[in-house]
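Just below is one structure, and these are the notes that go with it.
Atoms considered below: every heavy atom in the structure, side chains included; atoms not considered: hydrogens, waters and symmetry mates. First the proteins, then the strands, lettered A, B, ... as listed; each starts at 1.
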2 protein chains.
Amino acid sequence: MLSAGTGTETPNCSGPLSAVPGTAAFATAVEQALTGYFATRAEAVTALGPVFVEAVGALESFVLRGGKRTRPGFAWMGWLGAGGDPAGDRAAAVLQACAALELVQACALIHDDIIDCSRTRRRFPTVHVDFEQRHRHQGWAGDSAHYGESVAILLGDLALSWADDMVHSSGLDPAALGRFAPVWAGMRTEVLGGQLLDVHGEASGDESVAAALRINRYKTAAYTVERPLHLGAALADAEASLVAAYRTYGTDIGIAFQLRDDLLGVFGNPEVTGKPSGDDLREGKRTVLVAEALQRAAADNPAAGDRLRTAIGTDLSDEQVGELRELLIELGAVDAVETRIAELTDQGLAAIEASSATPEAKDRLEAMALAATRRAA
Amino acid sequence: MLSAGTGTETPNCSGPLSAVPGTAAFATAVEQALTGYFATRAEAVTALGPVFVEAVGALESFVLRGGKRTRPGFAWMGWLGAGGDPAGDRAAAVLQACAALELVQACALIHDDIIDCSRTRRRFPTVHVDFEQRHRHQGWAGDSAHYGESVAILLGDLALSWADDMVHSSGLDPAALGRFAPVWAGMRTEVLGGQLLDVHGEASGDESVAAALRINRYKTAAYTVERPLHLGAALADAEASLVAAYRTYGTDIGIAFQLRDDLLGVFGNPEVTGKPSGDDLREGKRTVLVAEALQRAAADNPAAGDRLRTAIGTDLSDEQVGELRELLIELGAVDAVETRIAELTDQGLAAIEASSATPEAKDRLEAMALAATRRAA
C-alpha cells in the first residue's frame with residue numbers, strides 16, 4: 001500500500017534482516033519467511049491428498065504474488081524503532097511474526113474480493129474467479145461461480161488460521177508472545193469490524209463524514225499502520241510513551257494515506273496511477289471526499305448534492321467525470337480533504353519526532369509518512 | 001453431534017468445573033465461558049459503533065443457541081483422562097481453552113451454511129439468511145442475498161479470530177500454550193481441508209469409498225473427536241502412549257459416528273431422528289454408504305449403480321426412497337457399513353481400554369463411543 005523506499009539507504013550489514021521496509025530486499029525477506037512457513041505445513045497438507053495440495057498451492061501463489069509487504073514493514077519498523085536489533089538472536093523470530101501479517105492480509109483480500117465481486121487482482125483472476133474457471137473448464141456439475149466462492153471462503157479461512165499458527169511457531173519467547181497477543185486480537189477485530197461497517201454503510205447509504213472516517217480509521221489506518229507498529233513495539237517491550245506515539249502516528253498517517261488515495265481516485269493522473277481517471281466515481285465509492293461534498297451541499301446547495309448522489313456509481317463519460325470534479329472543488333470538499341491531510345500529517349510527524357524512537361526509525365517513518373500522503377500514485 | 005449423557009452421573013462435587021461432558025450442566029459451563037469471553041471484548045466492539053455491536057450480538061446469539069458442546073466435551077475429557085484436576089487451579093483456564101472450540105465451530109457452521117445454501121439451522125435462519133432478511137426489511141440498495149453472505153463471511157472470520165484470541169487470553173501457562181498450539185494448528189487445517197475436499201468431491205462427482213472416507217476422517221473424526229482429545233492431552237502434558245490411544249479412539253469412533261449418521265440419514269425413524277426419512281438421498285449426499293453401493297454395483301450390477309446414481313439428489317417420493325433402501329441392502333452396502341462401524345468401534349474401545357487413561361475417563365469415553373455408534377437418532 002504505502003510507496004516504496006527512496007533508494008537512499010546504504011545498509012552497512014548484509015543478509016535479509018538488514019533490509020529496509022519499503023525496499024525490494026525487505027519484500028524478499030518477507031517472502032522467504034512465508035515460503036519457509038508453507039514448507040513447514042507441506043507434510044500435513046500432503047496427508048489430505050492432492051486436491052488439498054493443489055488448493056494450498058493456489059493460496060501460496062496468491063500470497064507470494066507481489067504486494068509491498070507494507071504491514072510487515074511497519075511492524076518491523078516498530079520493532080527496530082523501539083531498539084530491536086536486526087543482528088540479534090531474536091530478529092529471525094520477529095521477522096517471522098511480522099511476515100504473518102501477510103496471511104491475515106491474504107484472507108482479507110480473498111474474502112473482500114468475494115464481497116466486492118472483484119474479478120481480477122494484480123492482473124490475475126481473484127481466487128474465487130480462479131476456482132470458478134477451474135470448475136467450468138472441468139465441465140463439473142453445479143454452479144461454477146458458487147463453487148469458486150466456496151473454495152475461496154475456505155482458503156481465506158485457512159490463511160487466517162495459518163496467520164496465527166505462523167506467529168505461534170515463529171520462535172518468539174513466551175513473554176513476547178504474551179505481549180503480542182492482545183494487540184493481534186485488537187487488530188483482527190478492527191479490520192473485520194471496519195469491513196463490516198463498510199459493507200453496511202454501502203447498503204444503508206450512510207453519507208456522513210463521520211461514518212466514512214470511521215471505516216477509514218479501522219479498515220485502513222488501524223490495520224495497516226497503527227497496529228503493525230504497535231505489534232513491533234510490543235515485541236520489543238517498548239515503553240508506553242513510544243507505543244502511544246506510534247499509535248498516534250499510525251492512526252493519523254493511515255487516515256491521511258487513505259484520504260490521499262480518495263483524491264487520487266478522482267483527480268489522479270491515469271498515466272501515473274495506472275487506473276482510469278475518475279474510477280472511484282464510476283464505482284460509487286463512499287469516500288470521505290464524497291461525504292464532505294454531500295455535507296457541504298446539504299447546507300449550501302441541495303441541487304448539487306442531488307446531482308452528485310445520482311451520478312456516482314454510474315457509467316460516467318470522461319466529460320461527466322470532469323463536471324463532477326468541478327463540483328467537488330466548488331463545494332469545497334477538495335480543500336477540506338487537503339486541509340485534513342495536512343493536519344493529520346503534521347500531527348503524526350510531531351508525535352514521532354517527540355518520541356523515544358531511534359533516530360533511524362524517526363527518519364524512516366517520516367519518509368514513509370511523506371511518501372504516503374504527498375504521493376501522486 | 002454425539003449424544004447427551006445417560007443421566008446416571010451423580011457428581012459429588014459442585015460448580016461448573018465438576019460437570020460431566022454430554023450433560024446440560026457441562027453445556028452451561030461452556031456457555032458461561034463463552035459469555036464471559038464476549039464480555040471481555042465488549043469495550044473493543046463498542047468502540048467501532050452500534051452497527052458492529054449489533055452484528056457481534058448476532059454472532060453471540062448464534063454461538064449460545066444450543067448445540068451439544070461436543071468438541072469442548074472431548075477436549076475436557078482428554079484433559080481429565082490424562083490426570084487433569086477439575087478442582088485444581090488450572091481447571092478454569094483449561095475449560096476456557098476447551099470452550100474456544102465452539103468459536104471455531106461457529107465459523108465452520110456459518111461458512112458451511114453459505115457453501116451449502118442452507119436456509120435454517122436449529123430452527124432459526126442461518127446467519128447469511130438473517131442478514132439477507134434484515135437488508136430486505138430495511139429496503140436497502142443492492143442485492144439482499146449478497147449482503148447477507150458478505151456479513152456472514154466477515155462474522156465467520158471474526159469467530160475464527162476470536163477462537164485463537166480466547167485460547168491466548170485463557171490464562172493457560174506458556175508451556176501449556178506451547179503444547180496446545182501445534183495440535184490446534186493441525187485441527188484447523190484438517191477441518192478446513194476436509195471441507196474443501198467435500199466441496200471438490202461433490203463438484204467433481206468423485207464416487208470412491210476412499211474419497212468419502214477421507215472427507216469423513218478429516219471433516220468429522222479429526223475435528224470432532226481426535227483433535228479435541230489430543231488438545232486436552234496436550235494441556236495435561238500427557239505421555240505419548242496416551243496421546244496415541246486418544247488419537248486411535250478419536251479417529252475410529254469419529255468415523256464410526258459419521259457412518260452411523262449416514263445410515264440414519266437413509267434408514268432412520270423420522271419420529272426419532274426428527275428429520276424426514278431418506279432426506280440424505282434427496283439431498284444427494286455423497287456418503288460412504290452410497291460410495292460402497294456404487295463400488296459394489298460397478299462389479300456386480302452396473303444397472304443398479306446407474307439407477308442409484310440418477311435417483312439420488314432428486315425429489316424422491318417415499319416409495320422411491322423405499323426402493324433405494326432395498327437396493328442399498330441388496331448390494332451389500334448396508335452390511336458393509338455396519339461391519340465397518342463394528343470394527344472401528346471395537347478398535348477404538350480397545351485402544352482406550354489398554355491406555356493409561358483414568359478409570360473414570362475410560363468409562364466415560366466407552367459410554368460416549370457406544371452412544372455415538374449405536375444410537376437411533
message = Surrounding CZ of A:R179 (heavy atoms of other residues, nucleotides or ligands, distance under 6.0 Å), is the total greater than 12?
response = yes
query = In terms of heavy-atom pairs under 4.5 Å, which option from B:D157, B:L155, B:V199 contacts chain A the most?
reply = B:D157
Top contributor to chain A contacts, counting heavy-atom pairs under 4.5 Å, from B:D165, B:L48, B:L192 = B:L48
request  = Among the options A:C117, A:S161, A:G156, pick out the one with the most heavy-atom pairs lying under 4.5 Å from chain B.
outcome  = A:S161
task = Answer with side chain, backbone, both or neither: which region of A:S204 has an atom nearer than 4.5 Å to a non-hydrogen atom of chain B?
result = both
task = Examine whether an atom of B:E149 lies under 4.5 Å from a heavy atom of chain A, and if so say whether it belongs to the side chain, the backbone or both; otherwise answer neither.
result = side chain
inquiry  = Quick check on B:S169 against chain A: is it the side chain, the backbone, both or neither that has a heavy atom closer than 4.5 Å?
reply    = neither
key: Residue-level contacts of residues 207-214 of chain B with chain A, using a heavy-atom cutoff under 4.5 Å   = B:R214
ask   = Is the shortest heavy-atom distance from the side chain of B:I115 to the side chain of A:L154 under 4.5 Å?
value = yes
query = So do B:L177 and A:P174 actually touch side chain to side chain, heavy atoms under 4.5 Å?
reply = no
message = Taking every non-hydrogen pair under 4.5 Å, which of B:H146, B:R188, B:R217 racks up the most with chain A?
response = B:R188
key: Interface residues of residues 127-145 of chain A facing chain B - non-hydrogen atoms under 4.5 Å apart   = A:H135, A:W140, A:A141
Which of B:A175, B:A203, B:A181 touches chain A most, by non-hydrogen pairs under 4.5 Å = B:A203
request  = With the side chain counted from C-beta on, respond yes when B:L196 and A:L158 share a heavy-atom pair under 4.5 Å apart, and no when they do not.
outcome  = no
task = Among A:A108, A:A47, A:S150, single out the residue with the greatest number of heavy-atom pairs under 4.5 Å to chain B.
result = A:S150
key: Atom CD of B:E202 with >12 non-hydrogen neighbours under 6.0 angstrom   = no
ask   = Is there side-chain contact between B:H200 and A:Y147, with at least one heavy-atom pair below 4.5 Å?
value = yes
request  = For chain A, find which of B:D116, B:I114, B:V56, B:V191 contributes the most heavy-atom pairs closer than 4.5 angstrom.
outcome  = B:I114
ask   = Side chain, backbone, both or neither: which part of B:Y218 has an atom under 4.5 Å from a heavy atom of chain A?
value = side chain
ask   = Distance only, no hydrogens: is a donor on one side chain within 3.5 Å (strictly under) of an acceptor on the other, for B:W162 and A:T189?
value = yes
